[in-house]
Amino acid sequence: QVQLVESGGGLVQAGDSLRLSCAASGGRFTAYAFGWFRQASGKDRELVAVISRSGASIDYAESVKGRFTISRDNFKDTVYLQMDTLKPEDTATYYCTATVADLPYLWRDSRRFTYWGQGTQVTVSS
């Protein structure tokens with residue numbers, strides 16, 4: 001059983017940056033690919049970014065490409081999401097998630113992700 005705890009959310013202004021962290025425990029960190037999804041009020045949950053077990057493969061939503069960067073530290077069992085040039089439309093609850101699926105084409109289906117954190121709120125004011 002993998003436990004995921006997110007941190008780093010907050011209230012910022014448009015154009016600012018935030019870094020989200022996801023600390024994992026209870027499992028072998030390198031056995032999982034990790035992702036970030038987000039859900040805005042009244043909208044469906046959507047994939048933001050996913051990183052493979054080794055870190056060699058990464059996938060981003062088109063809406064965040066060039067602004068967000070996902071990374072992982074396999075020594076600290078932590079996944080990060082660096083978010084730059086934030087926009088009001090990035091406002092959402094951000095969830096960290098883990099999957100044993102290590103192929104990018106599988107990541108678009110959120111049902112592939114087994115473990116989920118509680119989420120951290122990101123609010124971007126205009």
Side-chain angles (χ1 to χ4, degrees):
Q1 188 80 3
V2 176
Q3 291 81 45
L4 303 172
V5 179
E6 304 97 333
S7 62
L11 171 63
V12 297
Q13 294 186 332
D16 285 352
S17 298
L18 275 177
R19 188 176 80 156
L20 304 184
S21 299
C22 172
S25 61
R28 185 163 60 90
F29 187 75
T30 53
Y32 298 92
F34 288 88
W36 291 93
F37 281 70
R38 67 186 181 187
Q39 187 166 20
S41 180
K43 295 187 177 181
D44 293 334
R45 185 168 51 189
E46 63 172 351
L47 178 146
V48 176
V50 184
I51 187 167
S52 65
R53 296 173 191 170
S54 68
S57 295
I58 291 175
D59 191 21
Y60 292 103
E62 286 296 325
S63 60
V64 306
K65 280 184 179 178
R67 300 189 298 122
F68 289 13
T69 304
I70 189 172
S71 62
R72 63 187 292 160
D73 187 330
N74 287 346
F75 293 100
K76 294 183 178 179
D77 291 1
T78 301
V79 183
Y80 303 98
L81 184 68
Q82 177 67 39
M83 306 186 293
D84 298 319
T85 319
L86 282 161
K87 303 176 180 180
E89 51 263 44
D90 295 318
T91 295
T93 301
Y94 284 71
Y95 297 92
C96 179
T97 183
T99 177
V100 295
D102 208 36
L103 298 173
Y105 80 92
L106 296 174
W107 294 338
R108 293 288 167 168
D109 184 354
S110 64
R111 295 171 296 179
R112 295 285 184 178
F113 292 85
T114 307
Y115 303 104
W116 295 81
Q118 293 299 307
T120 185
Q121 179 66 35
V122 172
T123 303
V124 185
S125 64
S126 57

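Side chains are part of it too, since the values below use all heavy atoms of this structure and drop only hydrogens, waters and symmetry mates.
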Of all heavy-atom pairs between [X] and [Y], which one has the smallest distance, and what is that distance?
{"X": "Ala101", "Y": "Trp107", "answer": "O-NE1, 2.9 Å"}
{"X": "Phe37", "Y": "Ser110", "answer": "CE2-CB, 3.7 Å"}
{"X": "Ala33", "Y": "Ser52", "answer": "CB-CA, 3.9 Å"}
{"X": "Asp84", "Y": "Ser17", "answer": "OD1-OG, 2.8 Å"}
{"X": "Ala92", "Y": "Ala40", "answer": "CB-N, 3.8 Å"}

inquiry  = Taking CD in Gln118 as the centre, count heavy atoms belonging to other residues, nucleotides or ligands within less than 6.0 Å. Is the count above 12?
reply    =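 Check fails, neighbour count at 12 or below.
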Same cluster for [X] and [Y] if Ile/Leu/Val/Met/Phe/Trp/Tyr side chains link at under 4.5 Å?
{"X": "Phe113", "Y": "Tyr32", "result": "no"}
{"X": "Tyr94", "Y": "Val2", "result": "yes"}
{"X": "Val50", "Y": "Tyr115", "result": "no"}
{"X": "Leu4", "Y": "Tyr80", "result": "no"}

request  = With sequence neighbours left out, write down each residue that passes side chain to side chain contact (heavy atoms under 4.5 Å, CB included) with Gln121, or none if nothing qualifies.
outcome  =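 By the side chain to side chain contact (heavy atoms under 4.5 Å, CB included) rule, Gln121 matches Thr91, Thr93, Thr123.
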task = Applying side chain to side chain contact (heavy atoms under 4.5 Å, CB included), name anything that partners Val5, two or more places apart in sequence or on another chain.
result = none
message = Just to verify, which of Val122, Val64, Leu47 counts as forming a side-chain contact (heavy atoms from CB on, under 4.5 Å) with Arg38?
response =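 Single pass found, and it is Val64.
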query = With under 30° as parallel and over 60° as perpendicular, where do the rings of Phe29 and Phe34 fit, or are they tilted in between?
reply =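 The arrangement is parallel - the two ring planes meet at less than 30°.
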Would you indicate whether the side-chain heavy atoms of [Y] and [X] approach each other to under 4.5 Å?
{"X": "Leu103", "Y": "Tyr105", "result": "yes"}
{"X": "Val100", "Y": "Arg53", "result": "yes"}
{"X": "Trp36", "Y": "Phe68", "result": "no"}
{"X": "Asp16", "Y": "Val124", "result": "no"}
{"X": "Met83", "Y": "Leu20", "result": "yes"}
{"X": "Arg45", "Y": "Trp116", "result": "yes"}

Side-chain donor or acceptor of [X] paired with backbone N/O of [Y] under 3.5 Å:
{"X": "Tyr60", "Y": "Ile70", "answer": "yes"}
{"X": "Gln3", "Y": "Gln1", "answer": "yes"}
{"X": "Thr85", "Y": "Gly15", "answer": "no"}
{"X": "Glu6", "Y": "Gly119", "answer": "yes"}

Measuring from [X]:[atom1] to [Y]:[atom2], what's the distance to the nearest 0.5 Å?
{"X": "Ser126", "Y": "Lys87", "atom1": "OG", "atom2": "NZ", "result": "13.5 Å"}
{"X": "Arg112", "Y": "Thr97", "atom1": "CZ", "atom2": "OG1", "result": "13.0 Å"}
{"X": "Asp59", "Y": "Lys65", "atom1": "CG", "atom2": "NZ", "result": "6.5 Å"}

Criterion side chain to side chain contact (heavy atoms under 4.5 Å, CB included) on Asp90 and Arg67, from CA distance to verdict = CA-CA 11 Å; Asp90 295 318; Arg67 300 189 298 122; 2.8 Å; yes
remark   = residues 11-115 vs disulfide (SG to SG under 2.5 Å), sequence neighbours excluded, gives Cys22-Cys96
